[in-house]
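Encoded as structure tokens, the structure appears first; notes follow it.
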Amino acid sequence: MAITGSAMTTCLGDLDATFRALLEGRSGVGPLRCGDPEKLNVRNGYVITDAEPDAPHLADSPRLAARWLARTVADALADAGVDPARRRVAVVVGTGLRELRAVEQWYADGAELRLAQLHFAEAVRSVAPEVTEVHTLANACAASGYALALAADLLELGEADAVVAAGCDTMTESMLAMIGRVGTATADMVRPFDADRDGVLLGEGAVAVVLERADELRDGQRPLALLRGVGVGCDAHHETAPDPTGIVATIRDAHDRAGVTPDEIGLVVAHGTSTALNDPTEAAALLETFGADGPVVTGIKGAVGHTSGGAALMSLLIAVAAMDAGLVPPVVGLRMPIAEAAKLGLVYGEAVPTRARLAQVNAFGFGGVNAVTIVEACVGAPLGGPS
Amino acid sequence: MTATAAQLSAPASSTTPLALAITGFGVLSGAGIGIEALASALAAGHSPTADVSGMFEDPLPRRDAHALVDFRVRDHLGRKGTSFFDRSTSLAMVACEEAFADTDLEVGDASRDRMGITLGTTAGSAKSTSDYSRDTFVQERPYLVNPLLFPNAVMNCAAGQAAIRYGLKGVNATIAGGHLAMLNVLRYSRNLIGCGYADALLAGCVEEFSPQSAWAVHYAQRTDGGRLAPGEGAAVFVVESAAAVRAAGRRPDAEILAVETGVYDPPGADGTFVAGLTSCLARALKRAGVRPDEVTAVATAANGMPRFDEAEEAAVTAVLGAGPERLRVKDLTGEAFSASGAFQLAALLARHRTQPARDGELSVITTLGADGAAGAAVVRGWSRADGDHG
């Protein structure tokens, strides 16, 4: 299964800009621009700001995740050279909150909103009208990992010639209010696996990859990476707290599907939310899977925030970029690891060189839903990251 | 390459999809709680709406709905662990409980690891989400919203809670499919089982009655001159591989032989809408290997709006002729968005349950949405002569 095209938008910019910032240890955190920080008890967020200066009228328009989604789907299709008018192309979108922010703005601010704008189909068809189907998976912060798994299935079962797996979310005031209530203090940034972390902050953006059957690539076409397998499962433990048993089971399922053993994995991009619930649990699960001499581990949420529906695929694209560049970016925001993660090969401070060809990407969501992806770098791919 | 899927890719060609077996189900609709209530309403051809004027403080567009006015989750599942469930989650959980009680699938610790949930929805619990958002705006600063209630405002709440209650550790997915949700759920379930992610799934849909949904139905119906009352409820089916069920010497309640969906141009005077459903229906029959004259009944979408219902009837007649009986399930259960497709399937199965004369009969489910979504499924059903798995 070949990944032949990709695109993403984060608070730091596109994939190249985001990867560069990660290598330099830069974070996209900034002042919150959604709601009243005083009331929400949340000061900072990972906000996309460059999408609006050309359209001041958007200040009164609902803040639609679909706006970024449409652009990334179009860019990913162009990157792959896939034309939905000529081949059967399906689209699977993973999301946590869909367009809840737009509904809030419609309700509270009188922003104009049409019902059809709440469906991603309209946005996707605005840039690719001929796609055969558009599906929305509402699987919290593992959503785009689940979307990728379904994308692979649709190809395997011959239901499409190419499938776009995507993820998107924007931040909502209600989610921010919840974070403001459960945070131990007003966090300055996301600090995954850090001993002195204050909890999660939200990010926003969209991401898309194009999957095609590896044996159907055109002559001379080189994929960005190979999707080896996606494990999906459920903790069945707690609505919001993750469970190491469930996470380990999903990791092992992913390894089985990909036909790999833990010692072949050279890089892990962790879910790493900087919360008391996730980080120790994820660290314990990684230690149980890989032992103390496991692969290097990084995470991207210190740089781009928790992007919910897009999180899994954004981590995947950074994993691919890292393997192609031979450099693993540090966990931005991490200063001193928590005791539970002391034996992990966490990268922090600065980037480290890598010769990894196989990476594992973790994504976990509310409801105990887990998606773990194994991705393989393409041998001989040019250095400098996929473009 | 996904190893398990790769092994299946050769036999599972696009023209011979895996057949799903249903080995038990639970249903709660405006017609009542349980399979018998739906079967009785279907036999009577009528199910009265209930007076819902006392259910909520918020204004409602009309006083009646196909709603379960006296439904309380604790009456079915007890108080423990249910106090924070919203209505959507409660309805889904009781349907899951009934589905487990109805199936002969033995669920043990080992099989729970290979069992998952696929739940269709429109937007989760619109009431929970709206209430939580409203709290965000109206509570004292800092917003003293209750974090314990936040999980209810996430669209995949019901599926997550069901997994916790029943210890189901396989795939857990929530599909926002609106009117197409049940057909999406069946397609996704077929992929999951065919690609080796799970051996069995709880597959169904849920929709709650609330002021939000009542107004949504009101405006949607008014646009096209419909008068359907809102509905609510859930139907959850235990689905497995039909081949595996038969190999184990078990007898399914039904087999889903084909599911086809598409989204076409919204209904217009040019007949495109009719063409979309016609195409789905014809494709479903072809994939199922079923001739049109073998189909005995069609559980139609029956949206209650003349333009839609005429388009649906035209498509059904074009493919199946006037012969097959039409079951207008929505007349009994109201407009329940994503749950409507689940009620159509439940109604077909409820009819089979106590009627051995229908054993092996083939039926079709059709779906139409105002956005141009269309779909069809082909279902073969059986009775339980002794009222239970024999």
Side-chain angles (χ1 to χ4, degrees), chain A residues 1 38-41 96-98 100 103-104 107-108 116 118-119 121 132-140 146 149-150 152-154 156-159 172-174 177-178 180-182 214 226-230 232-240 246 249 256-259 365-369, chain B residues 1-6 8-9 12-14 17 112-113 116-117 121 123-124 129-130 132-137 139 141-145 147 150-151 153-157 159-161 163-164 166-178 184 188 191-192 194-195 197 261-263 371:
Chain A
M1 202 62 62
E38 191 79 4
K39 293 180 185 173
L40 294 166
N41 199 31
L97 297 168
R98 206 155 68 167
L100 181 55
V103 175
E104 286 181 349
Y107 178 77
L118 301 182
H119 299 293
T132 55
E133 47 192 337
V134 182
H135 295 292
T136 303
L137 270 167
N139 260 30
Y146 264 79
L150 176 55
D153 294 345
L154 289 172
E156 292 282 8
L157 296 174
E159 304 256 346
T172 68
E173 281 194 63
S174 50
M178 195 275 293
R181 283 281 281 149
V182 299
L226 298 174
L227 176 65
R228 290 287 296 262
V230 188
V232 285
C234 179
D235 293 344
H237 170 68
H238 190 275
E239 192 62 30
T240 52
D256 288 348
R257 279 175 189 286
F366 274 3
V369 291
Chain B
M1 203 170 273
T2 46
T4 315
L8 283 164
S9 61
S13 78
S14 59
R112 281 191 177 89
D113 290 348
I117 300 170
T121 182
T129 312
S130 309
Y132 199 93
S133 287
R134 183 163 54 191
D135 255 14
T136 306
F137 294 118
Q139 287 275 8
R141 325 179 163 187
Y143 298 136
L144 296 174
V145 293
F150 182 76
V154 181
M155 267 190 288
N156 63 329
C157 172
Q161 290 288 6
I164 292 166
Y166 303 107
L168 308 180
K169 299 187 178 179
V171 178
N172 188 289
T174 300
I175 301 171
N184 285 340
Y188 190 46
N191 282 357
L192 291 173
C195 292
Y197 290 97
T261 60
V263 178
D371 56 355

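Numbers restart at 1 for each chain; the letters A, B, ... are given by sequence-line order, proteins then strands.
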ask   = Considering the options Asn184(B), Asn156(B), Ile175(B), which one meets the side-chain contact (heavy atoms from CB on, under 4.5 Å) requirement together with Leu137(A)?
value =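 Of the listed residues Asn184(B), Asn156(B), Ile175(B), the side-chain contact (heavy atoms from CB on, under 4.5 Å) partner of Leu137(A) is Ile175(B).
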- Task: Mind ranking Leu192(B), Leu168(B), Val171(B), Thr261(B) by heavy-atom pairs under 4.5 Å with chain A and telling me who comes out on top?
- Result: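 Of the candidates given, the most pairs with chain A belong to Val171(B).
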| task | May I ask you to name which of Gly262(B), Gly116(B), Ala159(B), Gly160(B) has the most heavy-atom pairs under 4.5 Å with chain A? | result |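 Ranked by heavy-atom pairs under 4.5 Å with chain A, first place is Gly160(B).
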**Asked** When only pairs under 4.5 Å are counted, which of Gly96(A), Cys234(A), Gly246(A), Ala249(A) shares the most heavy-atom pairs with chain B?
**Response**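 Ranked by contacts with chain B, first place is Cys234(A).
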query = Counting heavy-atom pairs under 4.5 Å to chain B, which of Ala140(A), Ser174(A), Gly365(A) comes out on top?
reply =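 Looking at each of Ala140(A), Ser174(A), Gly365(A) in turn, Ser174(A) comes out on top.
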Toward chain B, the part of [X] with a non-hydrogen atom under 4.5 Å:
| X | answer |
| --- | --- |
| Ala121(A) | neither |
| His237(A) | backbone |
| Asn139(A) | both |
| Ala116(A) | neither |
| Val369(A) | side chain |

For the student: nearest non-hydrogen atoms of [X] and [Y], plus distance:
| X | Y | value |
| --- | --- | --- |
| Ala163(B) | Ala236(A) | O-CB, 3.1 Å |
| Tyr146(A) | Asn172(B) | OH-N, 3.1 Å |
| Cys195(B) | Arg257(A) | O-NH1, 3.5 Å |

Contacting moiety of Tyr188(B), where chain A heavy atoms sit under 4.5 Å: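 The side chain, not the backbone.
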**Prompt:** Say you draw a straight line from CG of Asn191(B) to CG of Leu150(A); how long is it, rounded to the nearest 0.5 Å?
**Reply:**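 It is 6.0 Å, given to the nearest 0.5 Å.
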(request) Give a yes or no answer on whether the side chain of Gln161(B) reaches the backbone of Glu239(A) with a donor-acceptor pair at less than 3.5 Å. (result)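 Flag not set: sc Gln161(B) to bb Glu239(A) has no pair under 3.5 Å.
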